[in-house]
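Keep in mind it's a predicted model, so treat the numbers as computed, not measured. In what follows, chains are A, B, ... by sequence order, proteins preceding strands, each numbered from 1.
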Protein chains: 2
Amino acid sequence: MLDIDFRSRKPIYEQLVDQIKEMIVSGVLKGGEQLPSVRVLAQQLTVNPNTIQKAYRELERIGYIYSIQGKGNFVSEKIEASNQEELKMVKENLQKLAQQALFLGMQSDELLQIMEEIIKDHQGGKRDD
Amino acid sequence: MLDIDFRSRKPIYEQLVDQIKEMIVSGVLKGGEQLPSVRVLAQQLTVNPNTIQKAYRELERIGYIYSIQGKGNFVSEKIEASNQEELKMVKENLQKLAQQALFLGMQSDELLQIMEEIIKDHQGGKRDD
DNA sequence: TAACTGTATTATAATTCTTAATACAGATAA
DNA sequence: TTATCTGTATTAAGAATTATAATACAGTTA
C-alpha cells in the first residue's frame, strides 16, 4: 500500500502526503474512510509516530483529511469547497507541467487524450459512491 | 527575473531549477541562449556560487541546459529527444495533478480549456524561432 | 478501568542545504 | 603571454530541516 523510500532525498513525511493524496483523488480511499492510526502506521512503516503525524497534519491543512481527538483521522467528504488555495496551486502546477510536456516532445493529441481519459475515470469513480 | 524566497522551506537551488525551467519551456529563454555565469548570478541573487552551480548541474542532468568549460552554460536546442525519462516523470505528475484538479472541483471543461490554451501558446511560440 | 485514539513537548541525532575559501583548467581578448 | 573571464572541484564549517526517542496529557470506547 504505502511505500517509503528511505534512501530518497525527499522527506518521508512528504512521500506520505503525496501517496495518501494520490490514493484519495484516485478513489482508493473513499470519503469518510478511517486512516490507520498514527502509531499503527508508524509501526507498519517503521518510522517515528511524529513523522506520521506531520504528514497527517499537512494533509489536514490542505483539506484532504480531518481528525477527531480520540477517534482518528478520516478522509474528507466534500473536498471541493474546502480549499480554493490548494486548487489554485494545483492549477498553476498543472499549467507548468503541461508546458513542460509539450516542450519535451509530447504531442498535443496525446496531451488531450490523457486529459480525456482522466476525466472519464473521474466521472466513473463518481458513480461508485 | 529570478526571484528567490529565502524564507521558503524549499531549497534555493530547487527554486532556481523550477524558475529557470519555466523560463525555458515558456520561451523566455531561447535555445542556444547563454545563461548568466555562476559567479555573476550568485552575486546578483546574493547566494553562494556553489548553490548556483548545483542548480545548473541539475538542469543539465534533466536535459534543459548544457555547459562548456570556459565558455558558459547554454539553453539546450533540441530537448525533445534528449530526455525521455524526464518526459515520463512529467507525464506521471501531469496525470496526478489533473486527477487532483478534478477532485478539488475543477470542471472537465475548464481542464480541457486550459490544455488547449497551452497547446495554442506552444504552437505560437514555435513560429517565433 | 483498560486500551485505544490524537496531540504536544523536549531533547538529540542524522541529514541536507548553504556558505566560505581555495584551486585548477579551458576560452578569449589585450 | 598575460589578464580575465568561464566552468569545475574540494574541503571545511555553519545553519536549517528532518527524523527519532521518550514522555505526557486528553478524548473515545468497550
Side-chain angles (χ1 to χ4, degrees), chain A residues 2-21 24 29 31-77 82, chain B residues 2-21 24 29 31-77 82:
Chain A
L2 290 171
D3 179 39
I4 302 303
D5 180 3
F6 290 95
R7 294 175 308 177
S8 171
R9 315 91 194 112
K10 192 174 187 177
I12 295 172
Y13 81 94
E14 278 189 24
Q15 294 183 46
L16 287 171
V17 168
D18 288 350
Q19 287 183 35
I20 295 173
K21 194 194 293 181
I24 293 176
L29 291 175
E33 187 167 344
Q34 184 166 6
L35 296 165
S37 80
V38 169
R39 292 175 180 82
V40 166
L41 188 54
Q43 201 166 19
Q44 278 184 7
L45 301 177
T46 65
V47 299
N48 194 277
N50 293 339
T51 304
I52 305 292
Q53 205 200 346
K54 190 173 184 180
Y56 280 179
R57 206 183 301 140
E58 171 64 11
L59 283 166
E60 188 176 22
R61 191 187 66 79
I62 59 181
Y64 283 85
I65 71 175
Y66 64 94
S67 71
I68 304 178
Q69 261 239 38
K71 297 193 72 174
N73 287 276
F74 304 87
V75 178
S76 298
E77 300 277 3
S82 69
Chain B
L2 290 171
D3 180 38
I4 303 302
D5 180 2
F6 291 96
R7 293 177 307 177
S8 171
R9 315 93 194 111
K10 192 175 186 176
I12 295 173
Y13 82 94
E14 279 189 24
Q15 293 184 46
L16 288 170
V17 168
D18 288 350
Q19 287 184 36
I20 294 173
K21 194 194 293 183
I24 293 176
L29 291 175
E33 188 167 343
Q34 184 166 7
L35 296 165
S37 80
V38 169
R39 291 175 182 82
V40 166
L41 188 54
Q43 202 167 20
Q44 278 184 7
L45 302 177
T46 64
V47 299
N48 195 277
N50 293 339
T51 304
I52 305 292
Q53 205 200 344
K54 190 172 183 180
Y56 279 180
R57 205 183 301 139
E58 171 64 12
L59 283 165
E60 188 177 20
R61 190 186 68 77
I62 58 180
Y64 282 85
I65 71 174
Y66 63 94
S67 71
I68 304 178
Q69 261 238 39
K71 297 192 74 174
N73 287 275
F74 305 87
V75 178
S76 298
E77 300 277 2
S82 68

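- Distance, A/L41 CG to C/dC4 C1': 16 Å, rounded to whole Å.
- Applying the salt bridge (charged side-chain N to carboxylate O under 4.0 Å, His left out) test to every pair with at least one member in residues 11-20 of chain A, sequence neighbours left out, gives these pairs: A/K10-A/D18.
- Residues A/R61 and A/E58 are paired through a salt bridge, judged by an N-O separation under 4.0 Å between the basic side chain and the carboxylate.
- Between A/N48 atom CG and C/dA14 atom P there is a gap of 14 Å when expressed in whole angstrom units.
- For B/I4 and C/dC17, the CD1 to C1' distance is 14 Å, given to the nearest whole Å.
- Distance check, rounded to the nearest 0.5 Å: CG of A/L35 to CG of A/L41 gives 8.5 Å.
- Straight-line distance from the CD atom of A/Q15 to the P atom of C/dT16: 12 Å, rounded to whole Å.
- Atom-to-atom distance recorded for A/I65:CD1 and A/L59:CG is 5.0 Å, nearest 0.5 angstrom.
- The distance from the CG atom of B/L2 to the CD1 atom of B/I20 is 5.5 Å, given to the nearest 0.5 Å.
- With rounding to whole Å, B/L45 atom CG is found 10 Å from C/dT19 atom P.
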Protein-to-nucleotide contact annotation, 5' to 3' order, nucleotides 1-18 of chain D [B base; S sugar-phosphate only; - none; under 4.0 Å, heavy atom]: -----BBB-B-------S
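- Applying the side chain to side chain donor-acceptor pair (under 3.5 Å) test to pairs two or more places apart or on separate chains, those with a residue in residues 40-55 of chain B are B/N48-B/N50.
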